[in-house]
Amino acid sequence: MDHLAAGAQHGRVLDAYKKALATAASVAAYAVLVRSMARELLPDELRAAARWGAAFVRARLGAAEKEQHTVVIRRQLDGGYSENQLFEAARAYLATKIDPRALRRLSLARSRCKEADGSSSWTTLLCLEPGDSTTDVFDGVEFRWTSMETGGGDDGKRGGKGGGDRGHRAPRESLELSFDAEHTDTALERYVPFVMATAEQLQRRERVLRIFMNEVRSWHGFNHHHPATFDTIAMEPDLKKSIVDDLDRFLKRKEYYRRIGKAWKRGYLLHGPPGTGKSSLVAAMANYLRFNLYDLDLSEVRVNAALQRLLISMPNKSILVIEDIDCCFDAKPREAHSAAAALDQAEDFDFSSSDSDDGVGAPPRARRAGDLQQQKLTLSGLLNFIDGLWSTSGEERVIVFTTNYKERLDPALLRPGRMDMHVYMGYCGWEAFKTLAHNYFLLGDHPMFPEIRELLAGVEATPAEVSEMLLRSEDADAALRGLVEFLRERTRRRARQEAAIDNNQVVEEKGNAA
């Protein structure tokens with residue numbers, strides 16, 4: 001009996017096992033059928049959303065052991081009435097991190113960058129599609145960016161008047177930044193500011209530069225396409241490197257300037273003979289920093305008040321340029337101007353005039369003193385903006401003065417703290433010539449180079465003069481021959497001048513002896 005009972009139980013187990021296998025086979029068959037139908041019938045967007053949902057669930061379940069924090073960066077704020085600048089910055093930053101080969105679907109977008117001066121420029125960006133994500137690593141910490149979009153729907157609270165679209169809301173875009181909870185401080189205090197700063201640098205590099213000129217009390221701008229760069233400008237390499245390093249150091253020292261209590265600005269005095277590349281250096285600085293240029297013509301400014309208005313209206317991240325500063329003010333020292341102004345003020349006071357209500361003679365009204373101080377443009381008004389009380393009216397500004405005659409400048413302009421770096425733009429040397437030869441003919445060496453090097457060491461020729469000779473022919477040999485002849489003639493002229501000076505000295509000595 002026991003044997004028969006055991007056999008019957010074994011048969012039931014076998015039947016259950018067969019039924020389970022049949023059910024599993026049926027489920028697998030149905031799954032294959034459903035997958036095939038989904039591939040044929042469902043659109044790519046819906047299947048991508050399903051894959052993202054499955055991956056999202058797996059990620060959440062798998063990360064249960066470690067707490068995650070998520071920062072949501074919405075595209076619009078205040079109920080959709082203002083743009084979130086952090087969203088645009090994050091999107092510009094992620095465009096540099098997206099690998100087009102790693103994602104099946106990408107979005108292209110055009111972004112308009114509006115400048116403080118009212119100008120704007122357009123950039124094309126690679127963007128994540130809603131549901132897609134990418135990973136970034138910062139200081140060893142992994143951050144995951146996910147693009148999200150909430151669909152539109154009916155919202156009675158925001159319904160409009162009339163029409164079939166009453167209460168309809170457009171889809172809302174956002175970016176989610178996910179990271180381990182232990183790295184919250186790193187994310188908020190270091191990573192997000194890093195993303196903002198990187199996006200700002202990208203925007204600065206891509207924007208169209210403009211140059212502004214002053215007319216009376218306002219600026220008028222034009223697009224600036226000067227091709228000069230630090231790679232093409234003809235300068236001694238060590239001097240060029242020192243300027244680039246100084247500019248880089250200036251850009252990184254915002255907190256340093258704030259800590260020491262100084263305005264975040266930098267001043268450069270470019271001096272040297274005409275034709276040595278001072279204006280080209282200014283253009284190279286603008287292209288390197290991606291700062292707009294403000295070319296101040298002081299002949300258009302009549303009083304200090306107008307000058308202050310112009311300078312205060314300049315936005316941050318700009319370069320103020322005053323060319324030929326030695327021609328803008330009288331050559332006499334500032335103390336002479338102060339004495340003359342004081343004398344004029346004393347002569348203009350009329351103590352017999354009566355401006356009071358009771359008719360008794362009284363000093364002029366207080367405002368007349370201010371009018372007298374602003375009756376003309378003075379060097380003091382400019383210096384007050386450079387390092388006086390008005391110097392903090394803006395941040396991250398570069399001030400450049402140029403002059404052909406440094407010795408003519410008022411000592412007040414040369415005082416330490418006004419012009420931080422004095423750059424002498426001298427005659428064309430060997431290294432500067434090699435830069436020009438490469439610019440014009442892509443030459444690194446030539447049989448005429450040794451003679452040219454020897455000639456340049458003995459004569460004074462500006463980079464502008466050398467460039468003019470190289471421009472006269474598109475054939476390198478012909479252009480270099482012309483340059484050699486030009487330098488030889490300059491050498492012979494210098495020899496004749498030195499001989500004439502020696503002869504004059506001999507004549508003077510004989511005359512004194514007689």
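Residue numbers count from 1 along this sequence.
- With respect to the salt-bridge test (charged N to carboxylate O, under 4.0 angstrom), the residues R249 and D246 qualify.
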Take R266 and R253 through the side chain to side chain contact (heavy atoms under 4.5 Å, CB included) test and state the conclusion after the steps. CA-CA 11 Å; R266 195 70 175 163; R253 303 180 92 179; 5.9 Å; no
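- For E474, the CD atom is loosely surrounded, since the number of other residues' heavy atoms within 6.0 Å does not exceed 12.
- In this structure, E173 and F87 have side chains that are in contact, with non-hydrogen atoms separated by less than 4.5 Å.
- No donor-acceptor contact under 3.5 angstrom links the side chains of T135 and E142, judged on distance only.
- Side chains of I233 and T435 form no contact here, defined as non-hydrogen atoms less than 4.5 Å apart.
- Minimum interatomic distance between A187 and P193 (heavy atoms only, all atoms of both residues): O-CD, 4.5 Å.
- Looking only at atom types and distance, the side chain of T232 has no donor-acceptor partner in the side chain of N439 under 3.5 Å away.
- For the pair K406/H422, a side-chain contact is recorded, criterion being any heavy-atom separation below 4.5 Å from C-beta on.
- Evaluated for a side chain to side chain contact (heavy atoms under 4.5 Å, CB included) with I322, the options T402, V400, L382 yield exactly one hit, L382.
- Within the 4.5 Å cutoff, side-chain heavy atoms of W264 are placed close to those of F250.
- Note that OG of S133 is 12.0 Å distant from CG of L177, once rounded to the nearest 0.5 Å.
- Looking at E465 and C428, their side chains never come closer than 4.5 Å, going by heavy atoms from C-beta outward.
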Are T198 and T96 close enough, and set up right, to give a side chain to side chain contact (heavy atoms under 4.5 Å, CB included), and what steps lead you there? CA-CA 10 Å; T198 304; T96 66; 5.6 Å; no
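- A distance of 4.5 Å separates CD1 of I243 from CG of L239, quoted to the nearest 0.5 Å.
- With no hydrogens or angles considered, no side-chain donor-acceptor pair links N84 and R75 at under 3.5 Å.
- Between D248 and K252 no salt bridge is recorded (no basic side-chain N to carboxylate O distance below 4.0 Å).
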Please report the C-alpha distance between E200 and K317 in whole Å, then the side-chain angles of each, then the deciding distance to 0.1 Å, and finally whether the salt bridge (charged side-chain N to carboxylate O under 4.0 Å, His left out) criterion is met. CA-CA 11 Å; E200 186 176 351; K317 302 182 186 300; 2.8 Å; yes
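- The CE atom of M421 lies 9.5 Å from the CG atom of L270; values are rounded to the nearest 0.5 Å.
- In plain terms, the two heavy atoms of H224 and A283 that are nearest each other are CE1-CB, 4.3 Å.
- Here the rule is ring-ring contact (aromatic ring centres under 6.0 Å, His included) with H271, and of Y405, F401, Y424 only Y424 fits it.
- Using modelled atom types, no side-chain atom of R309 and backbone atom of R217 make a donor-acceptor pair closer than 3.5 Å.
- When the shell of 6.0 Å around CD of E431 is examined, it contains more than 12 heavy atoms from other residues, nucleotides or ligands.
- Here the closest non-hydrogen pair linking V466 and A461 is CG2-CB, 4.3 Å.
- Contact annotation: the side chain of I452 never approaches that of H446 to less than 4.5 Å [non-hydrogen atoms, C-beta and beyond].
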Could you go through L296 and W219, starting from their C-alpha distance and side-chain angles, then the distance that decides it, and tell me whether this counts as side chain to side chain contact (heavy atoms under 4.5 Å, CB included)? CA-CA 9 Å; L296 180 61; W219 296 102; 3.9 Å; yes
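- With rounding to the nearest 0.5 angstrom, the OG1 atom of T184 is 8.0 Å from the CD atom of E67.
- At most 12 non-hydrogen atoms from other residues, nucleotides or ligands lie less than 6.0 angstrom from CD of E454.
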Apply side chain to side chain contact (heavy atoms under 4.5 Å, CB included) to V195 and D136, showing your working. CA-CA 11 Å; V195 170; D136 187 27; 5.7 Å; no
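- Shown here for M196 and A89, the closest heavy-atom pair between the two residues is SD-CB, 3.5 Å.
- No donor-acceptor pair under 3.5 Å is formed between the side chain of S318 and the backbone N or O of F291.
- The shortest side-chain heavy-atom distance between Y268 and L247 falls under the 4.5 Å cut-off.
- Ring geometry, F230 versus Y288: the interplanar angle exceeds 60°, so the pair is classed perpendicular (tilted spans 30 to 60°).
- The two residues M425 and P273 come nearest to each other via the heavy atoms O-CD, 3.4 Å.
- Across I399, L320, V398, a single residue satisfies side chain to side chain contact (heavy atoms under 4.5 Å, CB included) together with K265, and that is I399.
- Contact annotation: the side chain of T146 never approaches that of T70 to less than 4.5 Å [non-hydrogen atoms, C-beta and beyond].
- Side-chain atoms of T276 and T462 form no donor-acceptor pair, as typed in the model, at a separation below 3.5 Å.
- Relative ring orientation between Y191 and Y93 is described as perpendicular, the plane-to-plane angle rising above 60° on a 0-90° scale split at 30° and 60°.
- Distance check, rounded to the nearest 0.5 Å: CG of L209 to CG of N287 gives 5.5 Å.
- More than 12 heavy atoms of other residues, nucleotides or ligands shown are found within 6.0 angstrom of CZ on R290.
- In this structure, K262 NZ and R258 CZ are separated by 15.5 Å, a value rounded to the nearest 0.5 Å.
- N316 contributes a side-chain N or O that, together with a main-chain N or O of E395, makes up a donor-acceptor pair within less than 3.5 Å.
- In plain terms, the two heavy atoms of A90 and L175 that are nearest each other are CB-CD1, 3.9 Å.
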